[in-house]
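Keep in mind that what you see is a predicted model, and the values were worked out from it rather than measured. Numbered from 1 within each chain, the chains take letters A, B, ... in sequence-line order.
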Amino acid sequence: MEDKKNIAKTYDPAEFEDRLYNTWVEKGYFHAEVNPDKKPYTIVIPPPNVTGQLHMGHALDETLQDILIRYKRMQGYEALWVPGTDHAGIATQIKVEENLRVNEGLTRYDLGREKFLEKVWDWKKQYGDRIITQLKKIGSSCDWDRERFTMDEGCSKAVREVFVNLYNKGLIYQGSRIINWCPHCITALSDAEVEHTEQAGHFWHIKYPVKNSDDFVVIATTRPETLLGDTAVAVNPEDERYKDIIGKTLILPLVGREIPVIADEYVDKEFGTGCVKITPAHDPNDFEVGKRHNLEQIKVMNDDATINSYGGKYEGMDRYEARKAIVKDLEELGLLVKVEDHSHNVGQCYRCGTTVEPIISKQWFVKMKPLAGPAIEAVKNGDTQFVPERFSKTYMNWMEGVFDWCISRQLWWGHRIPAFYCDECGETTVSKEDITVCPKCGGHVHQDEDVLDTWFSSALWPFSTLGWPDKTPELDYFYPTSTLVTAYDIIFFWVARMIFSGLEHTGQVPFKRVFMHGLVRDSQGRKMSKSLGNGIDPLEIIDKYGADALRFTLATGNAPGNDMRFYIERVEAGRNFANKIWNASRFTMMNLEIDENKLPPVDELRLEDKWIISKYNKVVKNVTDNLDKFELGIALANLYDFIWESFCDWYIELVKPRLFDKNDPSGKTAQYVLTYVLSNTMKLLHPFMPFITEEIWQHLPHEGESIVISRFPVYDEALVFEDEEKAMGLIMDAISAVRNRRAEMNVPPSKKAKVIIVTGENDTFTKGAVFFEKLASASEVEIRSDRSGINPNAVNIVVPSAEIFLPLDELVDKEAELKRLNGEKKKLEGEIKRVEGKLSNQGFVSKAPQKVVDEERAKGVKYKEMLEKVLESIRAMETL
RNA sequence: GGGAGUUUAGCUCAGCUGGGAGAGCGUCUGCCUUACAAGCAGGAUGUCACAGGUUCGAGCCCUGUAACUCCCACCA
C-alpha cells in the first residue's frame, strides 16, 4: 500500500506477511520480561513435536494462544508464552524415537546410548530451526527462546529435584508389578499409553486333569500360551459346581507342573466355565490373586515376547507361534474341548500399535493417591477452571480412579533415572548429583539404565521452564500461569499431571484456566493422521491463502471444545473476508485527504456517522466480553458481520455521495469517521488476523509505531447513539423493501424511479432521502405526510413507520399487485392474531417480564398500522 | 461396564443465563452500480432426532427412547 493511488486491487498476503513478522521480531514486540509496572499474563501451550512438520492441530493451538496473547498485550499486560522449546524431548521423544526406528532401523540395542543420543541431537538441530520458521508463518507472537532449556540443563535439574523429593517422601517407589510391556519398543508403558481396541479372538476351552484321578476341570482362556506360566486354577468359593474340587491338585498340561485349585471372589461364576487359570506373572488380575494366595510368579516370556526357558519345548518361539503350537499339542492330547469365537479388548502400544503384553517387571512408580487428593480439590474449589466446564468431569473421573503411575521407560531418549545401585551391597541410592561410590559401603555404583516417561518432565513444564527449583524472578512473576491452551485428548497425559505436579512441588496450581479445544478433523470427520495420508499441511494453506485466512478458519465456526472439520471452502471464506477488508481500506484511502485520526465533534456528525460509531462501539463491547469468556468464535463472527455488513455494505455506500461531492464540507467528516472506525476495527481484529490489520493500520493515519503494541479499544458509553441507530434502522428497512419490490418486478437498477415516502417520521426520512437515490435507484425522493393525490396504480410498499410509492405505473400488473397486497394483508392479520392471542393470555401478561409484554404490545400497534395502510391500498386499487 | 459428547437448512456448523430459528458454503434470480465478480442486490429451503413433562411461553430446562462419536475400565 505504498502508493495510495496504486494499491493492489486484490489482497495478496505474500506481499507483506513475512516483512511484517520480521519487523515485529526486530522491534522486540514479542519479548516479555519481569515488569513490576504491568500485570503478567502467561499462557502455556504444548510445544510442537520437533519432527520438522507443523500439523494442523498445532496450528490451532498456536493460533488460539496467539489470539489471547495479542489481545492481552494490547490491554497492557506483560504477555508471555511460556518459554523453552525442547520440552526436554518430551512429547517429541516419541516421534524422534519412532522416526529413527522406522527410517534408520535403529533400536535401543543397535547403538550405544551415546551414539543414540548423538543421532537424536543431530536430528533435533536439523529440525528445530525449521519448526520455528514454520511457527512464524502462523503469525505466532511467542518469544520463543529455544536455547533456554535443554534436556541436559535446566529441565534436568528440575526433574532430578522432583524425583529425589518424591522419593524421599515415599511417593516414588520401585516395585515388581504387572505393567504394560511393548515387545516392539521393548519398554514399559503407562496405562495412558495403551490404546484398547476390540478384536476378534478365540476362547479356548482346555481340560486340566486332576492329579491321581480321571477327573478334570475345564478352563477357558483367550491366551493359551500363558498356560506355561500358570500356577493355579481358581473358582468362585460360592460356586456349587466346583465346591468339591477346591484344594485339590491339578496337573498342568504340556508342562506337568502340579498346581492347586484355589477359591477366590474374583472369579465370575457366570463367565466362561467358571474356572480360571491363574498366571500371576502375565495378567494383572492373576497377579493380585497370586498375591492373596502366595502363588509363585513364573515369567515365561523374554522382553521381545518370545518364550523363555520356562517354556520348555516352546522356548524361542514368538508368543503367537507358541500359541499355535500349544493349541495344536493340546488338541492332539485330547485336552482341547472346544474353541469359541470371542471378541475382546486388546491393548496396543499407542506408538507402534503392537499388542501390549502384560508382564511382571521391576519398574519405578509414582504413588498417585496422595497426589490426586489436592489435584481433585484444586479443580473442585475452582483454583483451576476448565473451559468448557464439562472437561472437569473427564479430569475428575480419571483422577479419582487413578492407579500408580509407571514412570520408567527402557528407552535411551529421555531423562535418565537418578537412581544408583551398589555393585557390592546392592543398596539403591537416589541422588540429585551423580555419584560413583556407594554412600553405605563405598562400593562401586552404576546408574539405572532406564529413563523417565516423557510426561514426567512434561508435568513440570509450567514451572521448570521458569527456572524452578531456583527462586527466579521469572517464576515469581509469571507463575502460576494464567491459561493453558490445549486439546482435550491430552487431559490425562499432560493436563492432569501438570496440575498435581504443580501443587506438589510449588504449592500452587500451575494455571488458573484450562482452555480446551477440539481436534481438527478432515472434511469427512476423520482424525488427520500420517498413516491415513489425509493430513493437510498448514504451510501449504498459508502459502496459498495467507496466515490470516488460516487463522480465521481455525478461530471461527465452532464452539470451544468441539471438534472441527477442516474444509478448504472455509479457508476461502477467510481469504475472501481479508480481501473485503483490503478493498474497504483501499476505498477509504483513495478518498482520504486528512492525515490525523480523530473523532469529529459530535455536533458535526450526521445520522449515519452516529449510527456506525454506535454500532462500532457495541462491537467493542461484544468482542471484549467474548474474548474474556474464551468465546473466540463468537467475537470473530461479530467482527465479521460488523465489517462486512454494517461497515462495507451500508456505511461506505451511505457515505459515498458526501465523499464524492467536492462541495459538501461534511465529506471531510465522513473521512474522519471512516478512518476512526476502520483503524479501530483493525485493532479489534488484530488478535485474530494480525498481518492484514497491521498493514492497513500502518497506512491509515495513526499514532504509535505498531498495532501490535497499540491499546485495545475500550467501550465508551458516550458513543452510544440509540436514537440514531433506530432512525437508521427505519431507513435501511425502507431501502431494503424498495430493493425487494424492484427485484420482484425485475426492474433493473438502471431504470430509476421516483420514490414517494408517506410517513409520520418526516425528520428521519428527510435525513435519509439522499440514500434512496444511490441505494434504492431513486430518481428523486418526495416526502409527505399523507397519500392524497398519489396515483392508486403506483407500486405500494408498506414498512414500519412509512408507506412508499413507486410510480412505475406501466410495469404494474393490477391483478398481480392485488394478489400481493392480499397476501400482505393475510400475513399481517396472522401476526396480529398471534400477538393478540399472547396479550389476551392472562398468564402471559401477569407472569412474563414487563419488557417482553411491552415489546409485544408495540408489535401489535405496528402491525395494525401497517395493516391499515395495506387495506387502504387495496381499496384504492379496487376502485380503479 | 462407567463417563462425556453429538442429533438444527442440501453440506459444515453457530444459537450465550428459556421470550418470534442463524452464518458460511451450495442453490435460484437480477446486476461488470467508478473499493471489492475473492463482488453487489434479492429470493428459496427447517415438525430444531423421537416421546412425555415443567412453564404464560421450550431448539434451550427435566425424564425417557433411538442413532452416531469419543474417552475411560484388569472379566479370564
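Rounded to whole Å, the separation between the P atoms of rU27(B) and rA66(B) comes to 40 Å. If you take atom P in rG39(B) and the same atom in rG46(B), they sit 27 Å apart, rounded to whole Å. Taking atom C1' in both rA21(B) and rU8(B), the straight-line distance is 8 Å, to the nearest Å.
Side-chain N/O atoms of D522(A) and Y567(A) include no donor and acceptor closer than 3.5 Å. Side-chain contact annotation: Q297(A) with T231(A), donor-acceptor N/O pair under 3.5 Å absent.
With D283(A) contributing its side chain and T279(A) its backbone, the two residues share no donor-acceptor pair below 3.5 Å.
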Taking only nitrogen or oxygen atoms into account, show me every contact under 3.5 Å that the protein makes with nucleotides 54-62 of chain B, one pair per line with its distance.
unit_1, atom_1, unit_2, atom_2, d
rC56(B), OP1, K847(A), NZ, 2.0
rC56(B), O2', N841(A), ND2, 2.8

Contacts under 3.5 Å, N or O only, protein and nucleotides 66-69 of chain B:
none

Look for any protein N or O under 3.5 Å of an N or O in nucleotides 41-43 of chain B and output each such pair with its distance, or none.
unit_1, atom_1, unit_2, atom_2, d
rA41(B), O3', R739(A), NH1, 3.4
rG43(B), OP1, N740(A), ND2, 3.0

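Listed by residue number, the members of residues 397-404 of chain A with any heavy atom below 4.0 angstrom from RNA chain B are N397(A), F403(A). Within residues 633-648 of chain A, the residues having any heavy atom under 4.0 Å from RNA chain B are, by residue number, Y640(A), W644(A), C648(A).
Two residues are said to be in side-chain contact when any heavy atoms from C-beta on lie closer than 4.5 Å; V795(A) and R741(A) meet this criterion. Put simply, the side chain of L627(A) reaches to within 4.5 Å of the side chain of F688(A), judged on heavy atoms.
Across all strands, K656(A) comes closer than 4.0 Å to base atoms (heavy-atom distances). Using a 4.0 Å heavy-atom criterion, one finds that A559(A) contacts the sugar-phosphate atoms exclusively. At the heavy-atom level, Y266(A) lies under 4.0 Å from base atoms of the strands shown. Across all strands shown, V835(A) has no heavy atoms under 4.0 Å from either base or sugar-phosphate atoms.
OP1 or OP2 of rA14(B) lies within a sub-4.0 Å distance of a side-chain N or O belonging to N562(A). Taking only side-chain nitrogens and oxygens, K580(A) comes nearer than 4.0 Å to OP1 or OP2 of rC40(B). Contact annotation: R565(A) side-chain N/O to rC13(B) OP1/OP2 distance is under 4.0 Å.
Listed nucleotides: rG20(B), rA35(B), rC36(B). Nearest to the side chain of K859(A): rG20(B). In the set rC25(B), rA76(B), rC16(B), rC16(B) carries the atom at the smallest distance from any side-chain atom of K629(A). Taking only side-chain atoms of N558(A), from C-beta outward, the nucleotide of rG20(B), rC36(B), rA14(B) with the closest atom is rA14(B).
With sequence neighbours left out, the side-chain hydrogen bond (donor to acceptor under 3.5 Å, both in side chains) criterion links D641(A) to no other residue.
If you check distances only, the side chain of R834(A) does reach the base of rG20(B) with a donor-acceptor pair under 3.5 Å.
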